[in-house]
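These notes concern the structure reproduced below.
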Number of protein chains: 2
Amino acid sequence: MSDTTTDETAAEIMDGTYRALCEHGYAALRMQDIADETTKSKAALHYHYDSKHDLLLSFLDHLIADFSEKLGEAEGETPPDRLRDFVGQRLTARDREAHQEFQTAILEIKAQAPYETAYRDRLERFDEHLHAFLRTILAEGVAEGYFDAALDPDRIADFFVTTIDGAETRHVAVEQPIEDAREYLLDHIDETLVIGPEEVTAE
Amino acid sequence: MSDTTTDETAAEIMDGTYRALCEHGYAALRMQDIADETTKSKAALHYHYDSKHDLLLSFLDHLIADFSEKLGEAEGETPPDRLRDFVGQRLTARDREAHQEFQTAILEIKAQAPYETAYRDRLERFDEHLHAFLRTILAEGVAEGYFDAALDPDRIADFFVTTIDGAETRHVAVEQPIEDAREYLLDHIDETLVIGPEEVTAE
């Protein structure tokens with residue numbers, strides 16, 4: 001990104017990139033497609049970003065910042081409630097078509113990671129943010145007595161990240177609704193992680 | 001595939017396609033790259049297959065047949081043993097580099113599914129074969145009294161497919177070892193699905 005790119009211009013280009021990725025996917029995306037989704041010309045985009053690659057890296061950085069902010073918004077009085085709220089939000093496709101289109105572009109980028117260390121770097125940051133968020137909620141839930149003290153927050157967080165990734169991949173590859181994984185993870189929280197009334201009574 | 005393609009020729013081309021996909025990935029793959037991995041010329045490949053697309057569809061069909069055969073080979077006296085054997089085999093990368101290379105090509109194809117119904121069709125068959133295999137083992141385990149009678153084989157099978165898909169995606173995207181998901185699923189079998197000694201005694 002150019003030093004003279006204003007926040008407003010950057011925000012407009014990021015929004016246009018999102019729409020262009022949904023419409024064209026990653027592989028077929030051209031700078032012109034992004035320009036068509038903004039008030040800028042293709043030449044203006046090239047003034048702000050050296051290349052499509054540079055623009056896409058800025059877009060991923062923008063997504064990571066946005067994602068970190070959203071993670072902080074999980075609502076609930078207790079750690080199990082915040083975990084349920086997060087799983088419910090993350091694995092609900094409000095607009096199924098737009099969700100699948102965008103996840104398709106993200107999956108294309110994931111498949112490029114072995115060839116492209118700058119993508120790998122961004123994908124690792126997404127993965128780590130999500131993992132750290134889940135690990136923290138799980139550790140808080142254990143410390144506050146809501147979750148089974150024997151559970152390993154690091155390991156359960158890892159399992160949640162893997163299952164969420166799988167739900168998003170299957171949604172793109174075979175149109176499996178992501179909500180199926182949501183129901184499974186919500187049941188898993190209640191049946192396996194949360195300490196049941198009988199266990200609390202037993203203490 | 002041409003009607004005159006012998007089984008031996010087809011097998012050689014399929015093996016060559018596997019190696020070429022590992023080396024070049026899906027997007028960059030050319031017929032010449034496949035020819036280079038066989039004793040055939042590029043012209044000979046075009047005699048057997050109309051296009052790269054046609055050859056790749058034959059390759060996916062070949063993988064599905066191979067996969068179905070492998071599913072029948074899960075070993076063990078009981079359904080839980082066969083399930084453990086399958087999870088252990090499926091989520092162990094004998095050769096980490098080759099595994100990641102091949103899974104990268106498969107992930108590229110998964111990301112093409114929304115644009116390409118012939119790929120979607122093959123990916124759905126993989127997904128359904130795997131799901132049906134797991135559902136059958138789980139239902140057998142319930143019928144034979146090894147698994148909790150309250151479990152829903154269809155739903156648990158779906159969760160296993162999603163987690164396996166997620167493990168393969170994360171291996172490509174962020175180099176997360178697939179064995180982490182293996183350990184989680186093996187524990188899940190023993191801790192949540194299998195009826196524990198105390199529950200057997202209670203009956």
Side-chain angles (χ1 to χ4, degrees), chain A residues 24-28 91 97 100-101 103-115 119-128 130-131 150-152 154-156 158-178 180-181 183-185 187-188 191-192, chain B residues 24-28 91 97 100-101 103-115 119-128 130-131 150 152 154-156 158-178 180-185 187-188 191-192:
Chain A
H24 303 280
Y26 161 79
L91 293 174
E97 194 179 324
Q100 198 196 37
E101 285 172 352
Q103 286 301 328
T104 300
I106 295 294
L107 197 62
E108 289 181 84
I109 291 171
K110 285 179 179 171
Q112 291 302 308
Y115 311 119
Y119 289 158
R120 163 73 45 76
D121 167 68
R122 269 70 178 183
L123 292 168
E124 282 176 353
R125 278 195 267 152
F126 270 111
D127 198 273
E128 282 161 15
L130 178 54
H131 189 274
L151 74 76
D152 178 345
D154 194 57
R155 210 149 153 267
I156 309 282
D158 193 56
F159 155 69
F160 271 68
V161 176
T162 298
T163 303
I164 291 168
D165 249 43
E168 290 171 346
T169 300
R170 281 181 88 203
H171 187 204
V172 172
V174 300
E175 298 203 296
Q176 181 80 16
I178 55 169
D180 292 356
E183 293 314 303
Y184 195 88
L185 288 180
D187 284 355
H188 190 73
E191 291 165 14
T192 310
Chain B
H24 303 280
Y26 160 79
L91 292 174
E97 194 179 323
Q100 198 197 35
E101 285 172 353
Q103 286 302 329
T104 300
I106 295 293
L107 197 63
E108 289 181 84
I109 290 170
K110 285 179 179 171
Q112 290 302 308
Y115 311 119
Y119 289 159
R120 162 73 45 78
D121 168 69
R122 269 69 177 184
L123 293 168
E124 281 176 352
R125 278 195 268 152
F126 270 112
D127 198 273
E128 282 160 14
L130 179 54
H131 188 274
D152 177 346
D154 195 58
R155 211 151 151 265
I156 309 282
D158 193 57
F159 155 70
F160 271 68
V161 176
T162 297
T163 303
I164 291 168
D165 249 43
E168 289 172 346
T169 300
R170 282 181 88 202
H171 187 202
V172 173
V174 300
E175 299 202 297
Q176 181 80 15
I178 54 168
D180 291 356
R182 177 187 72 198
E183 294 314 304
Y184 194 87
L185 288 180
D187 285 355
H188 190 73
E191 291 166 15
T192 310

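Sequence lines set the chain letters: A, B, ... in the order given, protein chains first and strands last, and positions in each chain run from 1. All values below were derived from every heavy atom in this structure, side-chain atoms included, with hydrogens, water molecules and symmetry-related copies excluded.
- Looking at A/Glu101, neither its backbone nor its side chain comes within 4.5 Å of chain B, counting heavy atoms on both sides.
- With a 4.5 angstrom heavy-atom cutoff, B/Tyr115 touches chain A only via side-chain atoms.
- Looking at B/Glu191, there are no atoms closer than 4.5 Å to chain A (heavy atoms on both sides), in backbone or side chain.
- With rounding to the nearest 0.5 angstrom, the CD atom of B/Glu183 is 11.0 Å from the CD1 atom of B/Ile178.
- Ranked by non-hydrogen atom pairs under 4.5 Å with chain B, the options A/Leu185, A/Thr192, A/Val161 are led by A/Val161.
- For chain B, the option among A/Ile156, A/Asp121, A/Thr104 with the highest count of heavy-atom pairs below 4.5 Å is A/Thr104.
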May I have the list of side-chain donor-acceptor pairs in residues 164-174 of chain B shorter than 3.5 Å, sequence neighbours left out?
unit_1	atom_1	unit_2	atom_2	d
B/Glu168	OE1	B/Arg90	NH2	3.4
B/Glu168	OE2	B/Arg90	NE	3.1
B/Glu168	OE2	B/Arg90	NH2	3.2
B/Thr169	OG1	A/Thr169	OG1	2.7
B/Thr169	OG1	B/Asp165	O	3.0
B/Arg170	NE	A/Asp127	OD2	2.9
B/Arg170	NH1	A/Asp158	O	3.3
B/Arg170	NH1	A/Asp158	OD1	3.0
B/Arg170	NH1	A/Thr162	OG1	2.7
B/Arg170	NH2	A/Asp127	OD1	2.8
B/Arg170	NH2	A/Asp127	OD2	3.4
B/Arg170	NH2	A/Asp158	OD1	3.3
B/His171	ND1	B/His99	ND1	3.1

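- For B/Gln103, no part lies under 4.5 angstrom from a heavy atom of chain A.
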(request) Determine, stepwise, if the pair A/His131 / A/Glu128 fulfils side chain to side chain contact (heavy atoms under 4.5 Å, CB included). (result) CA-CA 5 Å; A/His131 189 274; A/Glu128 282 161 15; 5.6 Å; no

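- In terms of heavy-atom pairs under 4.5 Å with chain B, the best-connected choice from A/Arg120, A/Lys110, A/Glu108 is A/Arg120.
- Ring pair B/His188/A/Phe159 is parallel by interplanar angle, where below 30° counts as parallel and above 60° as perpendicular.
- When all heavy atoms of B/Thr163 and B/Ala181 are compared, the pair lying nearest together is CG2-CB, 4.5 Å.
- Residues that satisfy the side chain to side chain donor-acceptor pair (under 3.5 Å) test with B/Asp187, not counting sequence neighbours, are A/Arg155.
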